[in-house]
There are 2 protein chains.
Amino acid sequence: MNEIVDKPYFFKFNVAVDCIIFGFDDEGLKLLLYKRNFEPEIGKWSLMGGFLSPEESLDKAASRVLAKITGLKNIFLEQFHTYGDVNRDTGARVISAAYYALIKISDFSQSMIDEFGAQWWPVNDYPELVFDHGVMVESALETLRSKAKNEPIGFELLPRFFTITQLRNLYEAIYQRTFDPGNFRKKILSMKLLDRLPIKDKTGSKKGAFLYEFNQNRYERFKSQGFLFEL
Amino acid sequence: MNEIVDKPYFFKFNVAVDCIIFGFDDEGLKLLLYKRNFEPEIGKWSLMGGFLSPEESLDKAASRVLAKITGLKNIFLEQFHTYGDVNRDTGARVISAAYYALIKISDFSQSMIDEFGAQWWPVNDYPELVFDHGVMVESALETLRSKAKNEPIGFELLPRFFTITQLRNLYEAIYQRTFDPGNFRKKILSMKLLDRLPIKDKTGSKKGAFLYEFNQNRYERFKSQGFLFEL
DNA sequence: GCAAAAGTGTTGCTTCTACACCCATGG
DNA sequence: CCATGGGTGTAGAAGCAACACTTTTGC
């Protein structure tokens, strides 16, 4: 806080958080939306959100909202922009801090979907959203794309154990382009961040593909030595 | 805005904007700070900030604060994070949206410095700041560094006409490393984004160095064709 | 003429890209 | 046995880093 000539502590505002929740499965990159069950804009599709409480930080509020809808804790959750246009919310003036979350879709319980009328939507084909939530989603996608370039956040969207092909499919979904399978494999393995398990996954091919696990500790170590993740 | 189970429109908060203002001259990358002339924390060094008004957006509020302190309009100004910890401000609970601005230090009028008790500080050596402003500065620096990698925002910090050496000095200041003069020149010129003027600047050397101008239109065109700026 | 910055050229190395090709196996 | 995805190898192109070398000119 701060001021120069203004009168401080005078006007106050509603403050909310909204969460863009991303997931990934064999159909591609998805987005969790729900149908509003209250006014304004009741019945329309919307992001998950909630109002800030006096005794919690913005980050806490976002975690709370995310935990309520997904039942999950310790999820990748990062603030990316705060929306403050005067008429962005048709009900009242609300300043909204937007967060994006990356979850392992397999960890997600279907019960929450039913309880809140939530549903996964492809990021390329989701319904019209209330207020400026469409803008938020597009901006979150851009943030995700740009972040994924230089930080290994893609693994947040995959199960703990995955094949190189699954990983490539994920990056192809994020960047909306294809990668040469051989070159992709060589590049990611050359980073020495993936540990190969002595187990093959046979669901994707007859031959079977080795499962790998991302080694977070090794990444931290390499990073502190100047290594830069890049894909 | 949005909610799930909470009571909406109940608690309200002070909302502010804070600006991290960067400039660049032959001494390096600088930061504009001022001495607070009001409570709390009067007399301490602080970022420029101001409270949000009911009839203005966050972006507008940030522009207003920036214009007030610098007298400048149409400046590069971008929101990068919103700070919302409960006790971040010792005076009252304030949610603050932080913006960073890039200005051409030569355009900046000294009168503002005097009027507000403002002062330029090297980004490597600035005084202790109030509240979480130090955190904001470091985060703004990180954002600047990461943004500068893939977008030609460095030119916002240079005069309209500049030499390749000035440009290199700027990037060396941003990234805190050196670049080989020959290689840097070849790389930036190979992008075909700089127009050479038939004028030499003699202040930096006896031989004189050609002045260049960044061609924003050409950049937009290249970008729309898939070109990616990278330095 | 010498120092010092501007600017060009060269060379060897690394990385990228495209694509050929072998492997393993369920059906 | 063959189609399919898994996985390895390779050759040419492109990019990069280090550094030699040439140009210009004020002192």
Side-chain angles (χ1 to χ4, degrees), chain A residues 25-28 148-150 158-159 161-173 175-214 222 225-231, chain B residues 25-28 148-150 158-159 161-173 175-214 222 225-231:
Chain A
D25 64 15
D26 51 359
E27 291 169 3
K149 256 184 100 84
N150 288 300
L158 289 177
F161 307 120
F162 50 85
T163 65
I164 303 291
T165 301
Q166 282 177 298
L167 184 63
R168 177 167 51 82
N169 287 338
L170 169 62
Y171 276 92
E172 292 185 345
Y175 293 135
Q176 308 255 76
R177 54 160 291 197
T178 60
F179 288 93
D180 178 278
N183 293 338
F184 182 88
R185 153 179 267 102
K186 271 175 289 186
K187 177 138 190 209
I188 188 77
L189 290 179
S190 75
M191 295 185 201
K192 310 271 183 208
L193 292 174
L194 301 187
D195 295 335
R196 194 175 85 175
L197 306 177
I199 306 168
K200 283 196 170 194
D201 174 275
K202 293 258 196 177
T203 60
S205 73
K206 339 248 164 161
K207 185 179 175 182
F210 280 109
L211 287 172
Y212 289 82
E213 179 177 13
F214 176 66
F222 286 1
Q225 291 163 10
F227 166 80
L228 182 68
F229 181 89
E230 192 159 10
L231 255 184
Chain B
D25 64 15
D26 50 359
E27 290 169 3
K149 256 184 101 86
N150 288 300
L158 289 177
F161 307 119
F162 51 84
T163 65
I164 303 291
T165 301
Q166 283 177 296
L167 184 63
R168 177 169 51 83
N169 287 337
L170 170 62
Y171 276 92
E172 292 186 344
Y175 293 134
Q176 308 255 75
R177 54 161 289 198
T178 59
F179 289 94
D180 178 276
N183 293 339
F184 181 88
R185 153 179 267 101
K186 272 176 287 186
K187 176 139 190 208
I188 188 78
L189 291 179
S190 76
M191 295 184 199
K192 308 274 183 206
L193 291 174
L194 301 188
D195 296 334
R196 194 176 84 176
L197 305 177
I199 305 167
K200 283 196 168 192
D201 174 276
K202 293 261 196 173
T203 60
S205 75
K206 338 250 165 157
K207 184 179 177 185
F210 280 108
L211 288 172
Y212 289 81
E213 179 177 13
F214 177 66
F222 287 1
Q225 292 163 8
F227 165 81
L228 182 68
F229 180 88
E230 193 160 7
L231 253 183

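Throughout, protein chains are lettered first and strands after them, A, B, ... in sequence-line order, and every chain is numbered starting at 1.
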Revision key, fill the gap. Of all heavy-atom pairs linking Lys200(B) and Lys207(B), the shortest is NZ-O, 3.7 Å
Check your understanding: For the residue pair Gln166(A) and Thr163(A), what are the closest heavy atoms and their distance?
Key -> OE1-N, 2.9 Å
When the distance from [atom1] of [X] to [atom2] of [N] is rounded to whole Å, what number comes out?
{"X": "Leu231(A)", "N": "dT15(C)", "atom1": "CG", "atom2": "P", "value": "15 Å"}
{"X": "Asp180(A)", "N": "dC21(C)", "atom1": "CG", "atom2": "C1'", "value": "13 Å"}
{"X": "Phe184(B)", "N": "dA18(D)", "atom1": "CZ", "atom2": "C1'", "value": "17 Å"}
{"X": "Asn183(B)", "N": "dG7(C)", "atom1": "CG", "atom2": "C1'", "value": "12 Å"}
{"X": "Arg185(B)", "N": "dG9(C)", "atom1": "CZ", "atom2": "P", "value": "12 Å"}
{"X": "Ile188(A)", "N": "dT15(C)", "atom1": "CD1", "atom2": "C1'", "value": "16 Å"}

Contact between [X] and [Y] at the side-chain level, heavy atoms closer than 4.5 Å - yes or no?
{"X": "Phe184(B)", "Y": "Leu231(B)", "value": "yes"}
{"X": "Asn169(B)", "Y": "Phe162(B)", "value": "no"}
{"X": "Phe214(A)", "Y": "Leu194(A)", "value": "yes"}
{"X": "Leu228(B)", "Y": "Asn150(B)", "value": "yes"}
{"X": "Ile188(A)", "Y": "Phe179(A)", "value": "no"}
{"X": "Phe161(B)", "Y": "Asp201(B)", "value": "no"}
{"X": "Phe229(B)", "Y": "Leu193(B)", "value": "yes"}

Check your understanding: Just wondering, are more than 12 heavy atoms of other shown residues or ligands nearer than 6.0 Å to NZ in Lys192(B)?
Key -> no
**Study point:** Heavy-atom donor-acceptor pair, Gln225(A) side chain to Phe222(A) backbone, under 3.5 Å
**Key:** no
Revision key, fill the gap. Per-nt protein contacts along nucleotides 11-16 of chain D (heavy atom under 4.0 Å; B base, S backbone sugar-phosphate only, - none) come out as -----S
Check your understanding: Do any of residues 198-214 of chain B sit with a heavy atom less than 4.0 Å from DNA chain C, and if so which?
Key ->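 Heavy-atom contacts with DNA chain C come from Gly204(B), Ser205(B), Lys207(B), Gly208(B), Ala209(B), Phe210(B).
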**Study point:** DNA chain C contacts made by residues 161-170 of chain A, counting heavy atoms under 4.0 Å
**Key:** none
**Study point:** Pairwise 5' ranking along DNA chain D for Leu189(A) and Gly182(B), keeping only the more 5' one
**Key:** Leu189(A)
